[in-house]
Number of protein chains: 2
Amino acid sequence: MSFIEKARRAQIVKCAIETIAEVGYTQASLGEIAKRAKISKGVISYHFASKDELLEQICIEYYIAWQSYISPRLEAQKSPKEMLRVYIESNLAFVAENRQHFFAVLELVSKNITAGGELQLSADHDEAVLVPIENILAQGVQEGLFRKFTKSSARVMALTIRNAIDGFTMELIRKPHLDVQEYTRELVTIFDISTKN
Amino acid sequence: MSFIEKARRAQIVKCAIETIAEVGYTQASLGEIAKRAKISKGVISYHFASKDELLEQICIEYYIAWQSYISPRLEAQKSPKEMLRVYIESNLAFVAENRQHFFAVLELVSKNITAGGELQLSADHDEAVLVPIENILAQGVQEGLFRKFTKSSARVMALTIRNAIDGFTMELIRKPHLDVQEYTRELVTIFDISTKN
DNA sequence: TTATTTTTTGTACGATTGTACTAAAATAAA
DNA sequence: TTTATTTTAGTACAATCGTACAAAAAATAA
């Protein structure tokens with residue numbers, strides 16, 4: 001892949017994220033994205049096989065960035081209790097620093113859920129996101145730090161934590177001046193209390 | 001409003017909900033809705049001023065049905081602790097019984113958020129949904145049943161509860177055979193623990 | 001019945017979309 | 001420089017959408 005190709009793809013992805021975040025998925029046509037990037041519509045078609053490939057790239061890049069941010073912070077912790085705290089803290093911090101990207105991905109995923117056949121992809125993503133939380137919970141139970149969780153009650157708890165994080169972002173988009181630190185502290189408190197033994 | 005008009009509007013709204021739930025918002029064109037309702041596209045235009053009015057009607061009817069279901073159950077409770085339990089239980093039960101309708105509304109609301117100017121409506125809806133939870137929390141604090149909540153920490157808790165409910169529905173759509181009763185029990189437990197004094 | 005209004009159908013139109021395609025421009029290779 | 005390749009701009013096209021509209025059909029009123 002040439003230098004120009006890499007640079008263009010990065011530019012187009014960046015601009016597509018901004019466009020989706022600002023005008024919404026339904027209004028984010030290739031023409032609109034191109035206009036904002038000050039390039040011709042044909043350039044996008046040249047560098048991306050289809051619009052779908054562009055949108056998929058947005059999701060892939062977010063997932064990679066998210067992994068890179070969360071994983072090392074999580075692995076630096078010993079206690080499951082600290083891991084859960086850091087998981088919440090770093091997720092909210094990451095999301096607050098990447099609101100547009102997160103929002104774009106959320107829009108795309110919610111469209112894909114409805115797209116019928118692509119439900120599997122959503123399920124895979126879910127598993128990749130939920131399992132790490134479940135592992136923290138399982139470890140905490142094993143060490144006697146957390147209250148008892150069965151497999152399915154740990155699943156509900158993991159989902160609730162994820163929903164809290166995702167919902168925080170939606171609130172952040174609705175109210176951009178939200179106090180992120182305070183929100184983070186409260187969420188940590190809630191899930192610290194509700195997991196403790 | 002004539003008998004035919006009422007019946008047709010009800011039929012079209014019902015069919016629009018099913019269509020959105022089954023093929024997604026982006027694929028739910030008036031043509032597709034009409035085809036499934038086995039009527040001409042023009043009939044929809046005749047009974048609804050625009051597509052937007054039809055979609056708005058879907059939201060209005062859901063909100064009314066939700067209110068009618070939740071309010072009496074909530075008002076039958078004395079203790080804030082019981083109110084919180086019943087709020088979670090009845091919300092999950094209602095949503096499980098109205099998955100398609102809920103999902104359609106979620107799709108529409110998430111589109112409206114992106115639609116720019118309509119952000120106010122979403123904020124109003126939020127307030128209408130969050131304030132009742134905050135009131136329960138405030139009452140619980142006052143009676144000494146719940147731990148201390150400031151105005152803003154009560155807001156975070158209310159949001160977290162709402163996100164847990166909304167997120168449950170998304171999970172229910174992804175996994176239709178989810179054990180609703182068990183999920184409900186777990187959620188009640190989580191928020192019972194995390195609010196208790 | 002006949003007359004009038006309401007309702008439905010089917011089509012057409014303007015707007016918008018993603019993609020295909022051609023010619024021009026820019027860049028790299030010779 | 002000349003040649004070849006990559007990249008860009010701009011246009012055209014087929015498909016799809018919401019809406020408008022005219023004529024047919026159905027329902028209601030007289």
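These numbers come from the heavy atoms of this one structure, side chains and all, not from hydrogens, waters or symmetry mates.
In this entry the distance linking CG of B/Leu54 with C1' of D/dT19 reads 14 Å, nearest Å. Atom CD1 in B/Ile44 sits roughly 13 Å away from atom C1' in C/dT9 (whole-Å rounding). Spacing between atom CG of B/Leu55 and atom C1' of D/dG18 amounts to 12 Å, rounded to whole angstrom units. Taking atom CD on B/Gln27 and atom C1' on D/dC17, their separation rounds to 12 Å, with Å as the unit. In this structure, B/Lys6 atom NZ and C/dT6 atom C1' are separated by 16 Å, rounded to whole Å.
Of the side-chain N and O atoms in A/Ser2, one or more sit less than 4.0 angstrom from OP1 or OP2 of D/dT7. Note on B/Tyr46: a side-chain N or O is less than 4.0 Å away from OP1 or OP2 of C/dT7. Proximity of A/Arg8 to the phosphate of D/dT8: a side-chain N or O atom is located under 4.0 Å from OP1 or OP2. An OP1 or OP2 oxygen of D/dT6 is reached within less than 4.0 angstrom by no side-chain nitrogen or oxygen of A/His47.
When each of C/dT19, C/dA12, D/dT7 is scored by its nearest atom to the side-chain atoms of A/Glu5, the top-ranked nucleotide is D/dT7. Nearest to the side-chain atoms of A/Ser29 among the listed nucleotides D/dT19, D/dT8, C/dG18 stands C/dG18.
Here the closest heavy-atom approach between residue B/Lys78 and residue B/Gln139 is recorded as O-NE2, 3.9 Å. Residue A/Val95 comes nearest to A/Thr169 through the heavy atom pair CG1-OG1, 3.2 Å, listed as atom of the first residue, atom of the second, then distance.
In the region residues 30-40 of chain A, proximity to DNA chain D at under 4.0 angstrom, judged on heavy atoms, holds for A/Ile39, A/Ser40.
Using a 4.0 Å cut-off between a side-chain N of Lys or Arg and a carboxylate O of Asp or Glu, A/Glu182 and A/Arg185 do not qualify as a salt bridge. Using a 4.0 Å cut-off between a side-chain N of Lys or Arg and a carboxylate O of Asp or Glu, A/Lys175 and B/Glu127 qualify as a salt bridge. Under 4.0 Å is where a charged nitrogen must lie from a carboxylate oxygen, and between B/Arg36 and B/Glu22 at least one such pair does.
Nucleic acid contact class of B/Val43 (heavy atoms, under 4.0 Å, all strands): base.
Looking only at distances, no side-chain donor or acceptor of B/Arg155 sits under 3.5 Å from a matching main-chain atom of B/Glu134.
Nearest-nucleotide mapping onto DNA chain D: of B/Asp52 and B/Ile4, the residue sitting toward the 5' end is B/Asp52.
Side-chain atoms of B/Lys41 and base atoms of D/dT19 include a donor and an acceptor less than 3.5 Å apart.
Below 30°, between 30° and 60°, or above 60°: for A/Tyr69 and A/Phe94 the angle between ring planes is between 30° and 60°, a tilted geometry.
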